[in-house]
Peer 1: 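For reference, the structure I am asking about is given below.
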Amino acid sequence: MNTLLSRANTIFAFTLSVLAALTFLCFLTTVNLDTRKSVSIKTSKHTVRETYTQYGEYADLGGFYFDLTANLEPLFNWNTKQLFIYLTAEYETEKNKLNQVVIWDKIIKRTSNNAKLNFDRIQPKYPFFDDGHGLRSNQNVTLTLSWNIIPNAGLLPRIAGDGNNMFAFPSEYSATHRM
């Protein structure tokens, strides 16, 4: 017998099946789009200080300014909710083969219309600490802009931009006193 509850269950199951198929089609229409974009990063005024951390030890604290230029508007399509962009510093020390530190980030929503990045002389948003004394005289610090595309449906990719900046920290601490 087809009761009212049985018919409602059939309609509900059919509706969920159609919505799942449409969500999958939404994902398929944007999965092969080119998500790598050109990025320009420049740095200036590199400094290193020795500072006392909250963990009771001395560590290097790096400082610099950076300029960032990128046009991320083409990443927005009808399946994109927002972009999470972040600038990472990668470097090598005697203690660790690979160090990665997020030093700046930003969320760009679809409705904000500010996906053309043109920042001049920005300081890192987060402190750039090393877990020891690996920043002073370090010649291989590389800045890379990466982003996550937050979709309505589908994968959450991590994409690194085309273009990075390599710089060196000075061999002397910028202040004779400890902070």
Side-chain angles (χ1 to χ4, degrees), residues 2-44 46 62-92 96-131 135 140-167:
N2 290 333
T3 65
L4 182 62
L5 191 58
S6 175
R7 289 179 186 190
N9 184 32
T10 302
I11 291 171
F12 181 70
F14 178 73
T15 303
L16 283 181
S17 299
V18 168
L19 288 176
L22 289 175
T23 301
F24 184 69
L25 288 174
C26 176
F27 160 69
L28 283 180
T29 60
T30 58
V31 71
N32 288 327
L33 295 178
D34 182 26
T35 55
R36 291 184 61 95
K37 300 298 170 202
S38 178
V39 174
S40 172
I41 306 168
K42 296 180 179 125
T43 60
S44 62
H46 311 110
F64 57 91
Y65 292 100
F66 66 91
D67 301 339
L68 179 64
T69 306
N71 183 8
L72 302 180
E73 283 181 346
L75 297 176
F76 283 94
N77 55 51
W78 63 279
N79 190 25
T80 304
K81 278 196 242 181
Q82 65 186 19
L83 295 176
F84 176 70
I85 61 174
Y86 51 99
L87 189 66
T88 56
E90 295 182 6
Y91 61 100
E92 184 178 325
N96 299 312
K97 196 72 170 158
L98 177 65
N99 297 282
Q100 291 180 319
V101 180
V102 174
I103 58 171
W104 181 84
D105 63 11
K106 182 176 178 66
I107 294 175
I108 303 173
K109 296 185 179 183
R110 178 185 3 202
T111 58
S112 67
N113 293 331
N114 61 355
K116 281 188 178 179
L117 307 177
N118 192 10
F119 299 118
D120 292 325
R121 206 160 159 79
I122 301 291
Q123 285 186 314
K125 187 176 184 180
Y126 306 109
F128 186 8
F129 282 106
D130 183 58
D131 61 349
L135 292 182
N140 66 350
V141 180
T142 304
L143 296 181
T144 305
L145 185 71
S146 302
W147 52 83
N148 293 107
I149 299 174
I150 314 298
N152 291 315
L155 303 174
L156 181 69
R158 177 183 165 225
I159 300 112
D162 287 336
N164 55 29
N165 178 271
M166 182 178 277
F167 67 92

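In what follows, residues are counted from 1 in the order of the sequence shown.
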Peer 1: Output yes when a side-chain donor or acceptor of N114 lies under 3.5 Å from a complementary backbone atom of I108, and no otherwise.
Peer 2: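 Such a contact is absent between N114 side chain and I108 backbone.
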
Peer 1: Classify the ring geometry of F66 against W104: parallel below 30°, tilted from 30° to 60°, perpendicular beyond 60°.
Peer 2: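 F66 and W104: perpendicular rings.
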
Peer 1: Mind checking the OG1-CG spacing from T69 to L117? Nearest 0.5 Å is all I need.
Peer 2: 8.5 Å

Peer 1: Between F128 and Y91 (judged by ring centroids, cut-off 6.0 Å), do the two rings come close enough to count as a pair?
Peer 2: yes

Peer 1: I need the Q100 CD to E90 CD distance, nearest 0.5 Å.
Peer 2: 4.0 Å

Peer 1: Minimum heavy-atom separation for N79 to C26, with atom names?
Peer 2: OD1-SG, 3.3 Å

Peer 1: Can you tell me which residue among L155, L156, L75 is in a side-chain contact (heavy atoms from CB on, under 4.5 Å) with I149?
Peer 2: L75

Peer 1: Check whether more than 12 heavy atoms from other residues, nucleotides or ligands sit under 6.0 Å from atom CG of L4, and answer yes or no.
Peer 2: no

Peer 1: Could you check if a side-chain atom of E92 sits within less than 4.5 angstrom of a side-chain atom of K97, using non-hydrogen atoms only?
Peer 2: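 SC-SC contact between E92 and K97 confirmed.
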
Peer 1: Between T80 and N77, does a side chain to side chain donor-acceptor pair (under 3.5 Å) hold up when you go through it step by step?
Peer 2: CA-CA 5 Å; T80 304; N77 55 51; 3.2 Å; yes

Peer 1: Closest heavy-atom contact between G163 and I41?
Peer 2: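 Closest heavy-atom pair between G163 and I41: O-CD1, 4.4 Å.
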
Peer 1: Looking at every non-hydrogen atom in both residues, tell me the closest pair between H46 and F167 and how far apart they are.
Peer 2: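 Of all heavy-atom pairs spanning H46 and F167, the closest is CD2-CD1, 3.2 Å.
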
Peer 1: Would you find more than 12 non-hydrogen atoms of other residues, nucleotides or ligands less than 6.0 Å from R158 atom CZ?
Peer 2: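 No, because the 6.0 Å sphere around CZ of R158 holds 12 heavy atoms or fewer from other groups.
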
Peer 1: Give a yes or no on whether L25 atom CG has more than 12 heavy-atom contacts from other residues, nucleotides or ligands under 6.0 Å away.
Peer 2: yes

Peer 1: Passes side-chain contact (heavy atoms from CB on, under 4.5 Å), T23 versus F27? Steps please.
Peer 2: CA-CA 6 Å; T23 301; F27 160 69; over 6 Å; no

Peer 1: Can you establish whether the number of heavy atoms outside F119 located under 6.0 Å from its atom CZ is more than 12?
Peer 2: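 Above 12, so yes.
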
Peer 1: Examine distances only and state if a side-chain atom of D120 and a backbone atom of D67 form a donor-acceptor pair shorter than 3.5 Å.
Peer 2: no

Peer 1: Could you tell me the separation between the CG atom of L83 and the CD1 atom of I150, rounded to the nearest 0.5 Å?
Peer 2: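 The CG atom of L83 sits 8.0 Å away from the CD1 atom of I150.
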
Peer 1: Is K106 close to L68 at the side-chain level, that is, under 4.5 Å between some pair of heavy atoms?
Peer 2: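 Not in contact.
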
Peer 1: So with a 6.0 Å cut-off around NZ of K125, is the heavy-atom count from everything else above 12?
Peer 2: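 Yes, enclosed.
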
Peer 1: Measuring from atom CD1 of I11 to atom CG of L16, what distance do you get when rounded to the nearest 0.5 angstrom?
Peer 2: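 Taking CD1 in I11 and CG in L16, the distance rounds to 12.5 Å.
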
Peer 1: I need the minimum non-hydrogen distance between K81 and P151, along with the two atoms involved.
Peer 2: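 Reported closest heavy-atom pair: CE-O, 3.4 Å.
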
Peer 1: Quick one: CG on L143 to CE on M166, what's the gap to the nearest 0.5 Å?
Peer 2: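 These two atoms lie 10.0 Å from each other.
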
Peer 1: Could you tell me if the side chain of V141 sits less than 4.5 Å from the side chain of T43, heavy atoms only?
Peer 2: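 With C-beta onward as the side chain, the pair stays apart.
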
Peer 1: Taking all atoms of both residues into account, what is the closest heavy-atom pair of Y65 and Q123, and its distance?
Peer 2: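 Where Y65 meets Q123 most closely, the heavy atoms are CE2-CG, 3.2 Å.
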
Peer 1: Which atom names give the shortest non-hydrogen contact between G161 and V39, and what distance separates them?
Peer 2: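 Smallest heavy-atom distance, with atoms named: CA-CG2, 4.0 Å.
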
Peer 1: Between atom CD1 of I159 and atom CG of N148, what is the distance when rounded to the nearest 0.5 Å?
Peer 2: 7.0 Å

